[in-house]
Engineer: 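This structure is in structure tokens; I'll ask about it shortly.
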There are 2 protein chains.
Amino acid sequence: MAMMATRQERGERTRGRILEAAAGAFAEGGYAATSLNAIVAASGLTKGAFYHHFDSKEELALAAFRYKQEQLVARSAAAITDAHDAPAALRALLCERAAALREDPASRAVLRLGAEFRALASPDPEFVGFQELAIEMFAELLRRGQDEGTIRRGLDPRATAELLFGAIVGMDDVWHFLGGDDLERRSEELVDLLVEGLAVDAEQRNDTRKERR
Amino acid sequence: MAMMATRQERGERTRGRILEAAAGAFAEGGYAATSLNAIVAASGLTKGAFYHHFDSKEELALAAFRYKQEQLVARSAAAITDAHDAPAALRALLCERAAALREDPASRAVLRLGAEFRALASPDPEFVGFQELAIEMFAELLRRGQDEGTIRRGLDPRATAELLFGAIVGMDDVWHFLGGDDLERRSEELVDLLVEGLAVDAEQRNDTRKERR
DNA sequence: TGACAAATACCGACCAGTCGGTATCGTATG
DNA sequence: CATACGATACCGACTGGTCGGTATTTGTCA
């Protein structure tokens, strides 16, 4: 013990604990059904500590959303850096997002909170921005692929990006509920399906990242 | 109006009004964030009337879920009766579900409630059954298509059905939030993409229901 | 360095308000 | 008249949020 370093560090650590507990609690249960007391209890702290770091439950939720969203985006960005064409990058991105949601239950907070905040009174512009960011990652890849000639033209990249984004959300949602075995393999199978449907050439559909033909 | 016919009819009408109001309220806001008072106010009735017809908020939500789900399934079933092969039926089914969600905001209650109930303490078997039913409609079509030879083999029908189900949910979710123009056309475009990716032959991908070639 | 004061991190009892749910009552219909 | 239906008044539990207080650092000046 006793390694409680500087006061600022300690504060940030506490803030982080709250954020992590909140993300976990929101992920299962959603915003409205999760009480502050539950979050505070899960974090091992108190309401006083909470209101020292955050102004309101809503601000906490936004912060937790942003917190997990940033993790997801960072992981996703890392996953696509070494893909040499758009289909490969798309595949990596889809797999990565699915894996992240599978492995870190708290990640689902961004889904739950995202869905719930849209119905909220405050259309926080920053929140919308984050949502946009995730979708635009897909759209950007699709546009790049269309330029490269590796992704079918004639599809609106933006609309298709929304489909992909939604498909991951939906898949995760269904799987989280239904469970089932070997989600990783099944996930890859379906990512294949999506990517192959998008890739430009049917003849090479069995392997978008190889040079067969 | 004085056309208040028999007492039983009147009761059923009241029950229906509550159900409809509840579905609408749950659709925007979700279960936990929607108060009984709000539902009762929206229906133009009172708490007394509500508790005369339902035992609890949870029972109401289940009933509303079931109510809208039955409507969706009925519409969907009607939409696929005159499709002559599996890809066409899939296309019709996807379009129909997307259209239903687009046109009747209260339909989204089945999505919202579905997502929220999974996290609930009570894993109501009947609810699970309804969820299964919707997914199995897709799975059944896929299996049929694989038998016909019109749908690619090698894909687990069940897993793929979950993807399609999830994709619709996700699309609806994103669109309902982001809005945008001409959702109907964009929706069809993306349905094309999904169905073509599933259909057996790449050469005829531009029109799965025609005999080009 | 030591002591004292200001600032910070945190605590937990508490508040007003809202929730789901109940008990009771009026009323119209059969 | 009896009773199904719906309205009203109300309850205790619990919610998000507040507040006065305490423990621990940090800054400062001898």
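Proteins get letters first, then strands, A, B, ... in listed order; numbering begins at 1 in each.
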Engineer: Ignoring backbone atoms, establish whether Asn37(A) has a side-chain N or O less than 4.0 Å from OP1 or OP2 of dC14(D).
Structural biologist: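 No.
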Engineer: Checking Glu184(A) now: which residues fulfil salt bridge (Lys or Arg N to Asp or Glu O under 4.0 Å) with it, not counting sequence neighbours?
Structural biologist: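 Glu184(A): no salt bridge (Lys or Arg N to Asp or Glu O under 4.0 Å) contacts found.
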Engineer: Using whole Å, what does the distance between atom C1' of nucleotide dG21(C) and atom CD of Glu58(B) come to?
Structural biologist: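 Checked: the CD to C1' distance equals 14 Å.
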Engineer: Decide yes or no for Glu28(A) and Pro105(A): does some side-chain heavy atom of the first lie under 4.5 Å from some side-chain heavy atom of the second?
Structural biologist: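 No, too far: nothing below the 4.5 Å cut-off.
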Engineer: Give the rounded distance in Å between these two atoms: CG of Leu60(A) and C1' of dT15(D).
Structural biologist: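 It is 15 Å, rounded to the nearest whole Å.
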Engineer: To the nearest angstrom, how far is Ile39(B) atom CD1 from dT18(C) atom P?
Structural biologist: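 Going from Ile39(B) (CD1) to dT18(C) (P), I get 17 Å.
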Engineer: Under a 4.0 Å N-O cut-off, is there an ion pair linking Glu116(B) with Arg112(B)?
Structural biologist: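 Salt bridge: no.
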Engineer: Report the residues that fulfil side-chain contact (heavy atoms from CB on, under 4.5 Å) with Arg143(A), sequence neighbours left out, ordered by chain and then residue number.
Structural biologist: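 If we apply the side-chain contact (heavy atoms from CB on, under 4.5 Å) test to Arg143(A), skipping adjacent residues, the hits are Glu136(A), Ala139(A), Glu140(A), Pro157(A).
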Engineer: So what does Thr34(A) touch, heavy atoms closer than 4.0 Å: a base, only the sugar-phosphate, or nothing?
Structural biologist: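 The residue Thr34(A) makes sugar-phosphate contact but no base contact.
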Engineer: Round to the nearest Å and state the distance from Glu59(A) atom CD to dG16(D) atom C1'.
Structural biologist: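 The distance from CD of Glu59(A) to C1' of dG16(D) comes to 14 Å, rounded to the nearest Å.
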Engineer: I'd like a table of atom pairs between the protein and nucleotides 6-10 of chain D - only N or O on both sides, under 3.5 Å - with the distance next to each one.
Structural biologist:
from, atom 1, to, atom 2, distance (Å)
dG6(D), OP1, Thr14(B), OG1, 2.4
dG6(D), OP2, His53(B), NE2, 2.7
dA7(D), OP2, Thr46(B), N, 3.1
dA7(D), OP2, Thr46(B), OG1, 2.5
dA7(D), O5', Thr46(B), OG1, 3.4

Engineer: When all nucleic acid strands are considered with a 4.0 Å heavy-atom cut-off, which category describes Tyr51(B): base, sugar-phosphate, or nothing?
Structural biologist: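 Base: the residue Tyr51(B), judged by heavy atoms under 4.0 Å, touches a nucleobase.
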Engineer: Output the rounded distance in Å from CD1 (Ile18(A)) to C1' (dG16(D)).
Structural biologist: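 In whole Å, dG16(D) C1' and Ile18(A) CD1 are 15 Å from each other.
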Engineer: If a pair satisfies salt bridge (Lys or Arg N to Asp or Glu O under 4.0 Å) and one of its residues is in residues 66-81 of chain B, list it, with sequence neighbours excluded.
Structural biologist: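 Sorted pair list: Glu20(B)-Lys68(B), Arg66(B)-Glu70(B), Arg66(B)-Glu126(B), Lys68(B)-Asp104(B), Arg75(B)-Glu96(B), Arg75(B)-Glu103(B).
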Engineer: With Leu90(A), which residues qualify under side-chain contact (heavy atoms from CB on, under 4.5 Å), at least two apart?
Structural biologist: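 Counting only residues at least two positions away or on another chain, Leu90(A) forms a side-chain contact (heavy atoms from CB on, under 4.5 Å) with Phe138(A), Leu141(A), Leu142(A), Ile151(A), Leu164(A), Val195(A), Leu198(A).
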Engineer: Given dT15(D), dG20(C), dG17(D), which nucleotide is nearest the side-chain atoms of Ser35(B)?
Structural biologist: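 Closest nucleotide among those given: dG20(C).
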Engineer: Identify, with sequence neighbours excluded, every residue that meets salt bridge (Lys or Arg N to Asp or Glu O under 4.0 Å) alongside Arg108(A).
Structural biologist: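 Expected list: Asp172(A), Asp173(A).
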Engineer: Measure CZ/Phe54(B) against P/dC5(D) and give the value in whole Å, please.
Structural biologist: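 Whole-Å distance recorded here is 13 Å.
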Engineer: In whole angstrom, what separates Phe50(A)'s CZ from dT18(D)'s C1'?
Structural biologist: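 Value for this atom pair: 13 Å.
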